[in-house]
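Here the structure comes first, spelled out in structure tokens, and everything after it is commentary.
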Amino acid sequence: MIIAGVAALAIGQGQALRLEVPDEPGLETVAVAWEGRSIPFANDSAGWFTFVGVDLDASPGVYSAELTWTYRDGRVRRSGKRIEVAERQFRTTHLEVAPKYVELSADNEARTARERSEINEIYARITPEALWTEPFAVPIPGTTGGRNFGHRRVFNDQPRAPHSGADLTAATGTEIRATNRGRVVLAKELFFSGNAVFVDHGLGIYSVYLHLSEIRVEPGEIIDKGQVLGLAGATGRVTGPHLHWGVRAQGARVDPFSLLLE
Ligand SMILES: [Zn+2]
């Protein structure tokens, strides 16, 4: 969405919003201040673009975003935009999983705390360039499912965090492909997520692929859009084989399908 000249933008909870501004002679950088962070824009032949994320639990209401254009001659221009965040209704899902994933042992409690802080450190980093050049794509071409983002979840009768991704139907062994080009920043087994791959696409956008039976990439590796990064499986806290595909935009939990709507 080109936002120059647009006073107000609307978005739902748990969605990523693509922002675009035209290129101008002498323009060096563009950034948007959003939710206390400065998010850079990247540029390509069509102009400047970025995504901002609205967390699925963000309060509905009117938010402000300030854009800053910085020119090579030192000039700076600013413009504020209103972004209206609309409330969305999310279903509640009841799931039965192995008891060790609901009543955690002391060891597993400590392990999940360590893993959570490692993951939060990853999401806090905003790589100031876009590593991708093509639109984002579903990691399993032609698959079904994936409409359970944001569902409120009750595991073995106990409420837990809402579902932060999209579960795609996949038999064990199904090839899982990178949603877009990026750098692998984590590729290992995690307690809840099982075998997991995290990819940094730049501009604060991360995609994650969980519950894999096999991992085929290494941390630090640049992978292409569509490259096989692992195979689907049923590792970690699951009720059966599938791919959990998640996207974070500057830490906000967003529906991965909202990245596809360009
Ligand atoms: Zn899931």
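Read the numbers this way: they start at 1 and go in the same order the structure lists the ligands and their atoms.
Side-chain contact check for R177 versus Q227: every heavy-atom pair is 4.5 Å or farther apart.
The atom name of the N/O/S atom in D167 closest to the Zn ion (ligand 1) is OD1.
The side-chain hydrogen bond (donor to acceptor under 3.5 Å, both in side chains) test with H163 singles out one residue from R91, H244, R152, and that residue is H244.
With a 6.0 Å radius and a threshold of 12 heavy atoms from other residues, nucleotides or ligands, R183 has its CZ atom at or below the threshold. Within a 6.0 Å radius of CD in E218, other residues, nucleotides and ligands contribute 12 heavy atoms or fewer.
In summary, H211 places no N/O/S atom under 2.8 Å from the Zn ion (ligand 1), failing the contact criterion.
Atoms ND1 of H244 and NE2 of H163, as seen from the Zn ion (ligand 1), are separated by an angle of 100°, to the nearest 10°.
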